[in-house]
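Report on the structure given below.
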Amino acid sequence: MAPKKMKALIATKKKPEKVVNPLFEKRPKQLGIGGALPPKRDVTRFVKWPKVVQIQRKRRILKQRVKVPPAVNQFTKALDKNLEHKLSLKGRLWRQRNQLLLKDGLNHITYLIEQNKVQLVVITHDVDPIELVVWLPALCRKMEVFYAIVKGRSRLGAIVHKKTATALCLTSVKNEDKLEFGKIVEAVKANYNDKYDEHRKKWGGGIMGSKFQAKTKSKERLVAKEAAQRMT
């Protein structure tokens with residue numbers, strides 16, 4: 001009987017009433033026509049984006065989904081910000097006083113590499129079509145020339161006073177810049193020339209969407225469950 005009495009006592013207890021301040025009247029929002037403004041929502045999915053933006057996004061997703069061969073995939077491994085700072089594209093090594101030692105133009109750079117007249121080659125990651133430069137790292141490796149992949153055609157183009165540039169090369173370095181150049185070569189060699197064989201074997205892409213990954217995981221769980229039941 002004791003538990004029933006306890007329940008009765010709990011039921012009879014009244015909750016303390018909240019003290020309402022008459023100065024602050026509760027006014028619920030009316031979100032109908034002519035009422036209060038609705039809360040801000042993320043309407044990104046409902047925006048009709050320009051065709052150029054749509055193509056850019058579709059291309060980016062397609063590159064993630066499709067398997068990319070190693071020769072093309074190596075261009076996704078551009079220098080990060082710290083190493084790019086060492087390369088210092090805005091530094092004095094690339095300034096006007098070294099313009100005579102700085103060469104651009106893909107055919108001209110190829111000829112200089114074949115003649116062993118190049119000390120460093122810088123290639124951009126966003127060349128379109130990529131087939132224009134896809135063979136250049138292999139040539140640099142064969143001729144034992146240091147090379148690096150950086151982000152932005154327009155940034156390289158700005159150095160040689162053009163809109164864009166696919167690649168640049170240094171034929172020689174002045175005595176006062178040799179110390180800075182030595183640091184750049186060390187960083188570039190460790191990230192590209194020494195890792196060429198590793199990049200040559202690594203495929204890219206094959207990254208599926210979140211929905212597809214969830215479906216495959218659920219299928220794997222079902223298969224594992226069926227296998228466990230057969231074993232028992």
Side-chain angles (χ1 to χ4, degrees), residues 56 59-60 63 68-202 204:
Q56 283 174 351
R59 187 185 290 166
R60 186 182 64 189
K63 282 179 180 177
V68 182
V72 178
N73 187 49
Q74 66 181 333
F75 287 91
T76 59
K77 295 170 177 62
L79 283 177
D80 60 7
K81 284 186 178 180
N82 295 328
L83 292 170
E84 206 168 296
H85 182 68
K86 280 186 182 178
L87 187 60
S88 58
L89 291 174
K90 292 181 181 178
R92 66 180 188 175
L93 188 66
W94 305 91
R95 282 187 194 155
Q96 186 64 36
R97 63 194 185 87
N98 276 331
Q99 288 296 306
L100 294 172
L101 313 175
L102 192 64
K103 307 294 178 184
D104 66 320
L106 202 54
N107 290 337
H108 188 42
I109 289 169
T110 308
Y111 173 76
L112 292 170
I113 292 168
E114 287 170 348
Q115 297 295 315
N116 274 326
K117 292 180 180 178
V118 177
Q119 294 197 15
L120 176 66
V121 178
V122 181
I123 312 161
T124 54
H125 83 298
D126 57 346
V127 179
D128 189 26
I130 198 70
E131 288 84 359
L132 289 171
V133 292
V134 79
W135 45 268
L136 198 53
L139 180 66
C140 291
R141 161 83 176 191
K142 186 182 177 183
M143 302 304 291
E144 296 180 354
V145 173
F146 300 113
Y147 72 95
I149 296 166
V150 296
K151 288 185 178 180
R153 287 178 293 175
S154 55
R155 292 173 66 204
L156 280 194
I159 295 167
V160 289
H161 308 290
K162 291 182 180 178
K163 281 186 179 179
T164 57
T166 53
L168 297 179
C169 72
L170 274 172
T171 51
S172 60
V173 182
K174 292 185 177 179
N175 291 328
E176 56 264 35
D177 294 327
K178 279 187 177 175
L179 183 64
E180 186 184 347
F181 183 71
K183 290 176 185 176
I184 289 169
V185 164
E186 280 178 21
V188 164
K189 186 173 180 289
N191 280 276
Y192 293 99
N193 291 70
D194 293 347
K195 290 184 179 178
Y196 179 78
D197 290 323
E198 184 188 327
H199 292 166
R200 198 164 55 91
K201 295 171 187 175
K202 197 169 184 181

Does atom [atom1] of [X] have more than 12 heavy-atom neighbours from other groups under 6.0 Å away?
{"X": "Y111", "atom1": "OH", "answer": "no"}
{"X": "K63", "atom1": "NZ", "answer": "no"}
{"X": "E144", "atom1": "CD", "answer": "no"}

Any side-chain heavy atom of [X] sitting closer than 4.5 Å to one from [Y]?
{"X": "I113", "Y": "L136", "value": "yes"}
{"X": "C140", "Y": "Y196", "value": "no"}
{"X": "V118", "Y": "I109", "value": "no"}
{"X": "V121", "Y": "L168", "value": "no"}
{"X": "M143", "Y": "N116", "value": "yes"}

Measure the spacing between [atom1] of [X] and [atom2] of [Y] and express it to the nearest 0.5 Å.
{"X": "T166", "Y": "D104", "atom1": "OG1", "atom2": "CG", "value": "8.0 Å"}
{"X": "K202", "Y": "K77", "atom1": "NZ", "atom2": "NZ", "value": "5.0 Å"}
{"X": "H108", "Y": "C169", "atom1": "NE2", "atom2": "SG", "value": "6.5 Å"}
{"X": "L132", "Y": "I123", "atom1": "CG", "atom2": "CD1", "value": "12.0 Å"}
{"X": "R200", "Y": "R141", "atom1": "CZ", "atom2": "CZ", "value": "8.0 Å"}
{"X": "K162", "Y": "L156", "atom1": "NZ", "atom2": "CG", "value": "12.0 Å"}

| What class does the angle between the rings of Y147 and Y192 fall in, given that below 30° is parallel, 30 to 60° is tilted and above 60° is perpendicular? |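 It falls in the tilted class, 30° to 60°.
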| query | Does the N193 side chain pair with the main chain of V145, one donor and one acceptor, at a distance under 3.5 Å? | reply |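 Side chain of N193 to backbone of V145, a donor-acceptor pair under 3.5 Å: yes, one is there.
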| query | Any sub-3.5 Å donor-acceptor pair from T164's side-chain atoms to G157's backbone N or O? | reply |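 Side chain of T164 to backbone of G157, a donor-acceptor pair under 3.5 Å: no, none is there.
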| field | D126 and R155 ion-paired at < 4.0 Å | value |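 Judged by the 4.0 Å cut-off on N to carboxylate O distance, D126 and R155 do not form a salt bridge.
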| task | Output all residues satisfying side chain to side chain contact (heavy atoms under 4.5 Å, CB included) with Q119, sequence neighbours left out; order by chain, then residue number. | result |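 Side chain to side chain contact (heavy atoms under 4.5 Å, CB included) list for Q119, sorted by chain: S172, V173, F181.
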Determine the minimum heavy-atom distance between [X] and [Y], stating which atoms define it.
{"X": "F75", "Y": "V134", "answer": "CE1-CA, 3.8 Å"}
{"X": "K151", "Y": "A78", "answer": "CG-CB, 3.7 Å"}
{"X": "L106", "Y": "T110", "answer": "O-OG1, 2.7 Å"}
{"X": "V188", "Y": "A148", "answer": "CG2-CB, 3.8 Å"}

| query | Taking only residues at least two apart or on different chains, which pairs with a member in residues 115-146 satisfy ring pair (Phe, Tyr, Trp, His ring centres under 6.0 Å)? | reply |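 Found none.
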